[in-house]
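Some notes on the structure that comes next.
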Amino acid sequence: MRPAMRGAARQDGERSGMSLIMDPGKEYESRLARWSRRLEHCELWHRRTGNLRLFFAAALVVVAVLLRNTVAVGWLFTGVFAGLFLSGMVHDRILERRDTARRLAGYYTGGLDRLGYRWAGKGSPGTEFLDKQHPYAVDLVLFGTGSLFEFVNTAQTQAGRTKLAEWLLNGAGHGEVAARQRAVAEMRNKVDLREELAVRAGDPQAQVDTDALMSWAAQPRCLTGMAARLGIFWLPLVTWSLFLMGDGHLFALALNGQCGLALIYRRRTARTLEAMKLPARELRWLSDLLGRLERESFQEARLQELQGKWKRDGVWASASLRRLAKLVDWMDARNNFAFAVIGKFFMLGTQFGFALEAWRARYGPRIEEWLKALGEMEAFLSLAGYAFEHPADVFPELVVNANSPLVEAQGLAHPLIAESRAVRNDILLDSNQPLQVISGSNMSGKSTWLRAIGANLALARAGAPGRAS
């Protein structure tokens, strides 16, 4: 693999309609300052609004004591209560904005930590992907604290982390690597997109268990039959109507029918509800993430192909997952005591089970495609973020049909060593010079140089730029 010159990389960016931001540090500092100011502003209004709510709460108590006297005090009580209610609504919005500002300030602080090489131990190490029998994963420190994976990865789903690890561990053909390079080059400067996705992200070391969702979607259905579903929906309504009408005999008959249906479907309903392990907040996060990516405009065919998998046949992945999240929210509400009393009578547990199975019947076959496409997009976003933060790094030129293995680079350095401490060297391995002998004293950097070559080849095979001039 022969790295292209930096000028060629810049020309490729200009041809794709992008102007490279050559100083990511200044960009991150500017955005961090903006979100830090917004965070301070939100903290100030959080305290003021909190004090205002306390004032309204105290005033409400005082007015409640005086309420027995005059009509005017009653109107005053109404006004104070309205003030308490409205200030609570405003306070909730301020807290949402504060959380957004705090999350983005942390995101850009993490970016500056990577640029300053203070990132080790603050991200996800990816140790679950480490195979000690792999030819180079251990020697090149691909996984673990301070690893190449931790340095590059920004994926928040299990599918995205798995895809990135797969690219670092395994080689790919010329056409595949070239397609990845073009996708990464297009996404390199989409800083606003990565910022908007970071708003939706949580803990940088956490991950959404997309494998569990794919496994659930592939399971056989326990509750089937439109007739049964309609019966379970309408029978409680008929029973309640008979109760209101005062027809005791028919009410008892309908209630016994309900109990019989509940017993018939009890075990299958329990299995159906217990099989859904993913919480509603993670489903909402997936829906928001996909919704943002569905709206983005991409030029590269590979990115358009991934996006098309979420908008096929008039079915949008984000909207479908949002409906599933609402359904799981209602399922969780069954644990509320007040809701449980009503839910038992109206067989809501069984109804939710049928609704869940109906959703799985319609969208389950698409889940794996949606989540694998999301995982690949997250892998591209990780490599694009790495490429943006290292604008001097270049995409390697892939040599096709070479007569012998070829590795040629100028100014090659280890990607995990800070620029101020990295030692750059040139390398040429080809048919005329298939071997290099490296010698030197202990601690002179021989192993680091070998790892620098290997780490850059791992990045190149993944589709990322390499640390070379």
Side-chain angles (χ1 to χ4, degrees), residues 19-60 80-124 150-156 187-208 281-282 284-289 291-293 295-296 378 381-382 384-386 388-391 418:
S19 58
L20 294 181
I21 300 172
M22 299 307 292
D23 194 341
K26 287 185 178 179
E27 183 70 17
Y28 282 177
E29 287 172 356
S30 172
R31 290 175 180 249
L32 174 60
R34 184 178 72 204
W35 286 109
S36 296
R37 287 194 300 271
R38 191 166 299 182
L39 178 59
E40 291 177 3
H41 181 76
C42 289
E43 289 286 7
L44 174 63
W45 280 102
H46 159 58
R47 291 192 294 271
R48 289 177 176 176
T49 312
N51 291 335
L52 183 63
R53 292 183 71 186
L54 287 174
F55 168 78
F56 276 124
L60 197 65
V80 172
F81 183 82
L84 180 62
F85 179 76
L86 292 174
S87 64
M89 292 178 61
V90 172
H91 196 201
D92 287 343
R93 290 196 175 188
I94 291 171
L95 291 176
E96 285 181 14
R97 292 176 181 176
R98 183 194 66 175
D99 291 343
T100 296
R102 180 178 292 163
R103 194 174 294 123
L104 286 174
Y107 172 73
Y108 286 116
T109 298
L112 290 171
D113 284 343
R114 287 192 299 274
L115 291 174
Y117 288 84
R118 302 180 298 271
W119 51 272
K122 298 179 181 180
S124 176
E150 183 183 5
F151 191 43
V152 173
N153 172 64
T154 57
Q156 283 278 301
M187 298 183 75
R188 174 190 295 198
N189 288 326
K190 289 184 178 288
V191 184
D192 290 336
L193 172 62
R194 291 195 291 275
E195 177 181 288
E196 290 182 45
L197 297 179
V199 171
R200 297 160 171 81
D203 184 350
Q205 296 205 41
Q207 60 173 319
V208 177
R281 59 181 174 79
E282 293 191 1
R284 282 194 298 271
W285 181 86
L286 283 174
S287 173
D288 290 345
L289 184 64
R292 179 60 187 88
L293 291 171
R295 296 190 302 272
E296 185 66 18
E378 280 199 296
L381 286 163
S382 293
Y386 171 81
F388 171 79
E389 292 172 2
H390 303 91

Practice task
Return yes when atom CZ of R281 has more than 12 non-hydrogen atoms of other residues, nucleotides or ligands closer than 6.0 Å, and no otherwise.
Solution key: no
Exercise for the section: Verify the neighbour count for atom CZ of R93: are there more than 12 heavy atoms of other residues, nucleotides or ligands below 6.0 Å? Expected result: no
Practice task
Tell me, please, which residues at least two apart from H91 pass ring-ring contact (aromatic ring centres under 6.0 Å, His included).
Solution key: H46
Practice task
Just jot down the ring-ring contact (aromatic ring centres under 6.0 Å, His included) partners of Y108, sequence neighbours excluded, or say none.
Solution key: Y28
Mind listing the closest non-hydrogen atom pair of [X] and [Y] along with its distance?
X	Y	value
F56	S87	CD1-OG, 3.9 Å
W35	T100	CZ3-CG2, 4.4 Å
E150	W119	OE2-O, 3.5 Å
R188	F388	O-CB, 3.3 Å

Please name all residues satisfying side-chain contact (heavy atoms from CB on, under 4.5 Å) with [X], sequence neighbours left out, ordered by chain then number.
X	answer
T109	L32, D113
A59	V80
F81	L60
S382	V152, N153, T154, A155, L164

Problem - Salt bridge flag under 4.0 Å for residues R31 and D192 - result: yes
[X]: what forms a salt bridge (charged side-chain N to carboxylate O under 4.0 Å, His left out) with it, not counting sequence neighbours?
X	value
R292	E196, E296
E29	none
E389	R114

Handout entry: R295 side chain to G291 backbone, donor-acceptor under 3.5 Å
Key = yes
Practice task
Report yes or no: does R103 contribute a side-chain atom to a donor-acceptor pair with the main-chain N or O of V199 at less than 3.5 Å?
Solution key: yes
Straight-line distance of [X] [atom1] to [Y] [atom2], nearest 0.5 Å:
X	Y	atom1	atom2	result
F55	L52	CZ	CG	7.5 Å
L44	I94	CG	CD1	9.5 Å
R47	C42	CZ	SG	11.0 Å
R97	H41	CZ	NE2	8.5 Å

Name all residues meeting the side-chain hydrogen bond (donor to acceptor under 3.5 Å, both in side chains) criterion together with [X]; count only those two or more places apart in sequence or in a different chain, and write none if there are none.
X	result
R284	D329
E378	T157
R102	E43

Exercise for the section: Side-chain contact test, heavy atoms from C-beta onward, threshold under 4.5 Å: evaluate it for L293 versus L197 and give yes or no. Expected result: yes
Exercise for the section: Start with the C-alpha gap between L381 and L193, add the side-chain angles, then the distance that decides, and say whether side-chain contact (heavy atoms from CB on, under 4.5 Å) holds. Expected result: CA-CA 9 Å; L381 286 163; L193 172 62; 4.2 Å; yes
